[in-house]
Amino acid sequence: MNPNDTLQICVAGNWRLGQGDRYASLYPATGEPIAWLNAASVADVEEAIVGADLAFRTSGWAQRKPHERAAVLYRVAQLIRERSEVLAQRQRLDNGKPISETRGLVASAAATFQFFAAACETLEETITPMRGDNLTMSVYEAMGVVAAITPWNSPIASEAQKMAPALAAGNAVVVKPAEVTPLMALELARICDEAGVPKGLISVLPGKGSVIGDAITLHPLVRRVSFTGGTTTGKHIAHIAADKMMPVSLELGGKSPTMVFEDADLDHAVAGVLYGIFSSSGESCIAGSRLFVARGIYDTFMERLAAGAAALRVGDPADERTQVGPLITARHRDSIESYVSMGVADGGRIRTGGTRLAGDVFARGYYYSPTIIEGVTNDQRICQEEIFGPVLVAMPFDNEQDLIAQANDSVYALAAGIWTRDYKKAWRFGRAVQAGNVWINTYKQFSISTPFGGWRDSGLGREKGRLGILQYMEQKSMYWGLNEQPLPWSA
């Protein structure tokens, strides 16, 4: 990939330059351009959606037998695996994640296409119990044109989690990647082309969410939107969807609590808490960003945790040893710095970190040190608002009733972590904590076979899981009359 080239976008299967403003995709580790592209325009959106609707109605994709669609998606998974290292390196350039992490994201994308290929060819429709002289059944149909609006923190994995089930269900898909990370959606579209997805069913439209995202969501031919990103934008999409009577899936923000009890295995808990907040540079909706530790072990645990955070290898994402890479943009780093300053101004104490990194490999990139803040209370802004960076707030707790009240005292309810050897306690707290995803004696582990999503301001609907394909289908009931006599209606 030549950084001086201008990348083409995909508009209803046609690869060409976008009609919007030209801009650079920057490598967060250096701030240098890795590619140039013209953003999509509103005219491109119109062409893409009208073309997608035409392809949906004429390509025969939705009418193919499930195993025939599945065969194409299996091929997508195969091609991703064959190109895994190239894709992982491009994902590293796209958003600055360490190469060790981007390899896992590419593997996840392949597994997602494979899983939904299997879900497609094994999806069962239902003959429902008879309640009269009718054979009754429930069947599923493709929706038409659906939109996938994806975030910058894990592009290839997020895009696969929307594209794979939508295509498996028989739909056309318009993908709007984050403006700053357009590369992986474009790569997936090329792979889908090669694998045999009919021309026109996929579009990739990079650009500003306030322009392109709104135009896509408002379009009358778009039948569903699946969005992953910030809560404010998600609520905006939900308002548009309500006016259209259109279903949405919204995977939004989080301020997830992690709870460490006195009987926890401290080796596992320290490693898990560090991974839960500082992997992906903390740029993760499910990051375990609020830590509650039993007061009896608080000092011991925090001493080990702070030492572990200070020892994390922050550096060049291309280095195999790097654990924490740069943040996505300079602007985002400024936002994180402002939160840390606010926390300190409100009485918080920085236990470790709290600085941007400079010199050597850090000179040009957007680096910030893994940071732990103590001396705060759960009602302060730094404990309530999503920072989306490598910042952990830590608080002791004295009793279980107070703990669960504090853990649930948030507008968010996406994830939670529990560290204890007592399985009864783990069960009790796992059921009591208000979150869509709960990890017990582990953290930030995923399975494509297990539904994922949040409650309250963390979103609506679920992705993943065998039935995730149904998010992209309409349910239809059919009645077959078996009565020998006419309906008793005529004279």
Side-chain angles (χ1 to χ4, degrees), residues 10 48-49 52 56 61 69 72-73 76-77 80 87 91 94 105-106 108-117 119-120 142-179 181-192 195 197 201-206 209 212-213 216-217 219 222-230 233-234 237-238 241 246-252 285-286 446-454 459-473:
C10 182
I49 293 173
F56 171 74
W61 176 250
R69 289 200 303 273
V72 176
L73 300 185
V76 173
I80 292 172
L87 292 170
Q91 169 80 95
D94 208 19
L105 294 173
V106 172
S108 171
T112 297
F113 273 94
Q114 177 178 313
F115 180 86
F116 281 109
C120 173
M143 289 181 157
V145 181
V146 299
I149 303 178
T150 59
W152 48 256
N153 59 327
S154 296
I156 194 169
S158 295
E159 283 141 10
Q161 286 169 22
K162 300 178 190 302
M163 292 173 69
L167 289 169
N171 299 294
V173 189
V174 176
V175 182
K176 194 299 183 177
E179 181 183 16
T181 54
L183 302 185
M184 302 316 296
L186 294 170
E187 290 296 322
L188 279 179
R190 290 190 184 278
I191 287 173
C192 288
V197 175
L201 285 182
I202 295 176
S203 294
V204 178
L205 306 176
I212 306 305
I216 292 171
T217 305
H219 201 286
V222 172
R223 307 301 186 195
R224 183 183 188 90
V225 172
S226 178
F227 170 79
T228 298
T233 302
I237 290 172
M246 175 182 69
V248 291
S249 300
L250 304 173
E251 198 267 276
L252 308 177
C285 55
I286 48 124
F446 295 106
S447 169
I448 188 60
S449 65
T450 306
F452 178 82
L460 300 169
R462 292 294 181 269
E463 291 188 325
K464 303 184 179 181
R466 183 176 61 85
L467 299 182
I469 190 174
L470 299 184
Q471 296 283 315
Y472 298 91
M473 305 184 86

Evaluate the side-chain proximity of L105 to L87: yes if any heavy-atom separation is below 4.5 Å, no if none is. no
Any side-chain heavy atom of F227 within less than 4.5 Å of one from L252? yes
What's the shortest heavy-atom distance between C192 and I202, and which atoms? CB-CD1, 3.4 Å
Begin from the C-alpha positions of K464 and F446 and carry the test side chain to side chain contact (heavy atoms under 4.5 Å, CB included) through to its verdict. CA-CA 10 Å; K464 303 184 179 181; F446 295 106; 3.5 Å; yes
Suppose we screen for side-chain contact (heavy atoms from CB on, under 4.5 Å). Which residues come up paired with L467, at least two apart in sequence or across chains? L470
Rounding to 0.5 Å, atoms CD1 (I191) and CG (L186) come to a distance of 11.5 Å
Side chain to side chain donor-acceptor pair (under 3.5 Å) filter on R69, not counting sequence neighbours, yields none
Which heavy atom of L188 sits nearest a heavy atom of I80, and at what distance? CD2-CD1, 3.8 Å
Set of residues satisfying side chain to side chain donor-acceptor pair (under 3.5 Å) with respect to T233, sequence neighbours excluded: none
Mind checking the CD1-CE spacing from I469 to M473? Nearest 0.5 Å is all I need. 5.5 Å
side-chain contact (heavy atoms from CB on, under 4.5 Å) partners for A77, two or more places apart: R81, F113, Q114
Could you check if a side-chain atom of V204 sits within less than 4.5 angstrom of a side-chain atom of V174, using non-hydrogen atoms only? no
Going by side-chain contact (heavy atoms from CB on, under 4.5 Å), name the residues that satisfy it together with A195, two or more places apart in sequence or in a different chain. V72, R75, V76, L79
Nearest atoms (heavy-atom pairs only) where V222 meets M246: O-SD, 3.4 Å
Residue list, ring-ring contact (aromatic ring centres under 6.0 Å, His included) with W61, at least two apart or on another chain: none
Smallest heavy-atom separation, N171 atom then G144 atom, equals OD1-N, 2.9 Å
For E187, the side chain to side chain donor-acceptor pair (under 3.5 Å) test, sequence neighbours excluded, returns R90
Ignoring hydrogens and angles, tell me if any N or O in the side chain of R224 forms a donor-acceptor pair with the backbone of Q471 under 3.5 Å. yes
Flag yes if more than 12 heavy atoms outside R466 fall under 6.0 Å of its CZ atom; otherwise flag no. no
Side-chain donor-acceptor pairs of residues 156-169 under 3.5 Å, sequence neighbours excluded:
{"from": "S158", "atom 1": "OG", "to": "S154", "atom 2": "O", "distance (Å)": "3.1"}
{"from": "E159", "atom 1": "OE1", "to": "A185", "atom 2": "N", "distance (Å)": "3.2"}
{"from": "E159", "atom 1": "OE2", "to": "T150", "atom 2": "OG1", "distance (Å)": "2.9"}
{"from": "K162", "atom 1": "NZ", "to": "S226", "atom 2": "OG", "distance (Å)": "2.9"}
{"from": "K162", "atom 1": "NZ", "to": "T228", "atom 2": "OG1", "distance (Å)": "2.8"}
{"from": "K162", "atom 1": "NZ", "to": "E463", "atom 2": "OE2", "distance (Å)": "2.6"}

Looking at every heavy atom in both A117 and L73, which two are closest together, and how far apart are they? CB-CB, 3.7 Å
Sub-4.5 Å side-chain heavy-atom contact between D94 and P182: yes
Let me have the donor-acceptor pairs involving side chains of residues 447-454, under 3.5 Å, with sequence neighbours excluded, atom names and distances please.
{"from": "S447", "atom 1": "OG", "to": "S449", "atom 2": "N", "distance (Å)": "3.2"}
{"from": "S447", "atom 1": "OG", "to": "S449", "atom 2": "OG", "distance (Å)": "2.6"}

Considering non-hydrogen atoms only, spot the tightest contact between L250 and G234 and give its length. CD1-O, 3.6 Å
